[in-house]
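To keep things clear, I will list the structure first and then write my remarks on it.
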Amino acid sequence: MDGRISMKRIANVLSNINADIVALQEIFAVCDLEEGQVEMLASELGLNAVFSCTRHVQIRPYGKAVLTRWPILDSHDMDISWAHRERRGCIRADLKTPRRTLHVFNIHMGTSYFERRHQVRSFLASRQIIEDLSGPRVIAGDFNEWIKGLTTRMLSDKFESLNLELHVRKRRSYPGWLPLLHLDHIYFERPLHVDKAELV
């Protein structure tokens with residue numbers, strides 16, 4: 001909100017949350033000329049990391065990452081880009097948790113209504129969402145869906161969703177300085193369940 005990108009400040013927030021899994025969008029990875037934000041955060045927090053490059057911004061790899069305290073068994077990139085719109089994607093990270101394998105999908109969908117309609121169908125039909133599963137799935141990320149549309153309906157048909165109304169009074173989180181919208185969502189499947197949720 002003050003116009004600065006401070007990785008130390010972001011690391012401090014994530015450290016205070018002390019999460020087992022962190023799903024990040026719009027983040028840079030290491031390149032020849034500059035240190036990567038993904039690697040910097042993983043090192044600072046002592047977490048494992050996996051990155052998926054959606055595109056390059058001034059030669060720097062730019063995309064999504066999953067940080068976790070648990071071992072990462074495997075990862076898969078998913079391209080859900082549509083037509084001439086900005087490239088979009090999802091990363092699947094298979095994590096070895098103390099109880100079972102957990103399949104985490106970190107997705108960043110487009111801002112266009114028609115784009116998201118294509119993307120949710122493409123995502124749910126992809127082999128990465130249905131093949132080689134040995135545990136429950138969690139889908140988290142920036143869905144860019146300002147009101148409940150096809151994306152919400154299709155994902156809700158197949159997965160449970162985190163209903164913030166049951167846990168917090170204020171659900172809107174974007175933009176940070178004057179939250180008007182609720183763009184970030186979490187979907188999951190049994191036997192996972194929600195004990196508590198909060199908006200940081």
Side-chain angles (χ1 to χ4, degrees), residues 7-30 36-54 61-78 80 88-109 123-124 126 128-144 151 155-156 158-164 166-168 171 173-174 176 182-200:
M7 297 312 296
K8 182 165 181 54
R9 185 165 55 184
I10 293 170
N12 286 338
V13 171
L14 294 177
S15 177
N16 289 335
I17 294 171
N18 193 30
D20 294 319
I21 305 166
V22 180
L24 301 168
Q25 300 87 36
E26 300 184 21
I27 189 165
F28 288 103
V30 69
Q37 295 172 336
V38 176
E39 295 78 10
M40 191 184 307
L41 287 173
S43 174
E44 183 79 20
L45 299 168
L47 299 175
N48 301 308
V50 63
F51 173 78
S52 171
C53 182
T54 305
Y62 181 77
K64 300 151 301 303
V66 173
L67 307 181
T68 178
R69 68 177 75 253
W70 294 317
I72 299 170
L73 301 173
D74 201 0
S75 67
H76 307 270
D77 288 344
M78 302 168 66
I80 57 169
R88 300 286 179 171
C90 177
I91 182 171
R92 168 181 161 176
D94 300 338
L95 310 181
K96 183 181 179 182
T97 78
R99 294 190 177 183
R100 60 174 66 87
T101 300
L102 184 66
H103 305 285
V104 176
F105 296 81
N106 178 11
I107 193 167
H108 191 186
M109 300 183 80
F123 173 70
L124 290 173
S126 68
Q128 288 94 336
I129 193 84
I130 55 177
E131 291 183 2
D132 301 320
L133 300 172
S134 56
R137 296 169 289 180
V138 175
I139 305 164
D142 182 350
F143 291 81
N144 270 315
T151 298
L155 287 170
S156 297
K158 296 184 178 295
F159 298 93
E160 306 283 331
S161 65
L162 169 58
N163 185 353
L164 277 176
L166 302 177
H167 301 275
V168 294
R171 303 182 310 279
S173 59
Y174 181 85
H182 174 198
L183 304 181
D184 302 295
H185 303 276
I186 298 175
Y187 295 89
F188 58 94
E189 61 184 348
R190 301 291 179 181
L192 301 176
H193 64 278
V194 179
D195 284 333
K196 175 186 167 188
E198 62 182 305
L199 188 60
V200 178

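Legend: residues meeting side-chain contact (heavy atoms from CB on, under 4.5 Å) with Leu73, ordered by chain and number and at least two apart, are Asp94, Lys96, Thr101. Listed by chain and residue number, Glu160 satisfy the salt bridge (Lys or Arg N to Asp or Glu O under 4.0 Å) test with Arg190 (two or more places apart in sequence, or in another chain). For Glu26, there are no salt bridge (Lys or Arg N to Asp or Glu O under 4.0 Å) partners, not counting sequence neighbours. The salt bridge (Lys or Arg N to Asp or Glu O under 4.0 Å) check on Arg100 picks up nothing, with sequence neighbours excluded. Under the side-chain contact (heavy atoms from CB on, under 4.5 Å) criterion, Asn163 pairs with Glu165, Leu166, sequence neighbours left out. Every residue was checked against the ring pair (Phe, Tyr, Trp, His ring centres under 6.0 Å) condition with Phe51, not counting sequence neighbours, and none meets it. The ring pair (Phe, Tyr, Trp, His ring centres under 6.0 Å) search around His103 returns none, not counting sequence neighbours. Residues forming a side chain to side chain donor-acceptor pair (under 3.5 Å) with Gln37 (at least two apart in sequence, or on another chain): none. With sequence neighbours excluded, no residue satisfies side chain to side chain donor-acceptor pair (under 3.5 Å) with Glu39. Legend: residues meeting side chain to side chain donor-acceptor pair (under 3.5 Å) with Asn48, ordered by chain and number and at least two apart, are absent.
In this structure, the side chains of Ile139 and Lys158 stay at 4.5 Å or more apart for every pair of heavy atoms. For the pair Leu41 and Leu24, the minimum side-chain heavy-atom distance is below 4.5 Å. Proximity of Asn144 to Arg88: side-chain heavy atoms (C-beta onward) are separated by under 4.5 Å at one or more points.
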* Asked: How far apart are the C-alpha atoms of Leu155 and Leu124, what are their side-chain angles, what is the distance that settles it, and do they pass the side chain to side chain contact (heavy atoms under 4.5 Å, CB included) test?
  -> CA-CA 8 Å; Leu155 287 170; Leu124 290 173; 3.9 Å; yes

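Aromatic pair Phe143/Tyr187: ring centres closer than 6.0 Å.
Ala49 and Val38 make their closest contact through CB-CG1, 3.9 Å (heavy atoms, listed as atom of the first residue, atom of the second, distance). Residues Arg137 and Ile129 share a closest heavy-atom pair of NH1-O, 2.6 Å.
Put simply, CD on Gln25 and SG on Cys90 are 10.0 Å apart, with the number rounded to the nearest 0.5 Å. Note: Leu164 CG to Ile186 CD1 = 8.0 Å, rounded to the nearest 0.5 Å. The CD atom of Glu44 sits 7.0 Å away from atom CG of Asn12, with the distance rounded to the nearest 0.5 Å. To the nearest 0.5 angstrom, Phe123 atom CZ is 8.5 Å from Met109 atom CE. The distance from the CD atom of Glu131 to the OG atom of Ser126 is 9.0 Å, given to the nearest 0.5 Å. Expressed to the nearest 0.5 Å, how far OG of Ser134 lies from CG of Leu102 amounts to 9.5 Å.
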List the atom pairs, donor and acceptor, that lie under 3.5 Å between side-chain atoms in residues 192-200 and the rest of the protein, sequence neighbours left out.
{"unit_1": "His193", "atom_1": "NE2", "unit_2": "Asp195", "atom_2": "OD1", "d": "3.1"}

Contacts table for residues 64-72: side-chain donor-acceptor under 3.5 angstrom, sequence neighbours left out:
{"unit_1": "Lys64", "atom_1": "NZ", "unit_2": "Thr54", "atom_2": "OG1", "d": "2.4"}
{"unit_1": "Thr68", "atom_1": "OG1", "unit_2": "Asp20", "atom_2": "O", "d": "2.9"}
{"unit_1": "Thr68", "atom_1": "OG1", "unit_2": "Trp70", "atom_2": "N", "d": "3.0"}
{"unit_1": "Arg69", "atom_1": "NE", "unit_2": "Asp20", "atom_2": "OD1", "d": "2.5"}
{"unit_1": "Arg69", "atom_1": "NH2", "unit_2": "Asn18", "atom_2": "O", "d": "3.3"}
{"unit_1": "Arg69", "atom_1": "NH2", "unit_2": "Asn18", "atom_2": "OD1", "d": "2.9"}
{"unit_1": "Arg69", "atom_1": "NH2", "unit_2": "Ala19", "atom_2": "O", "d": "3.2"}

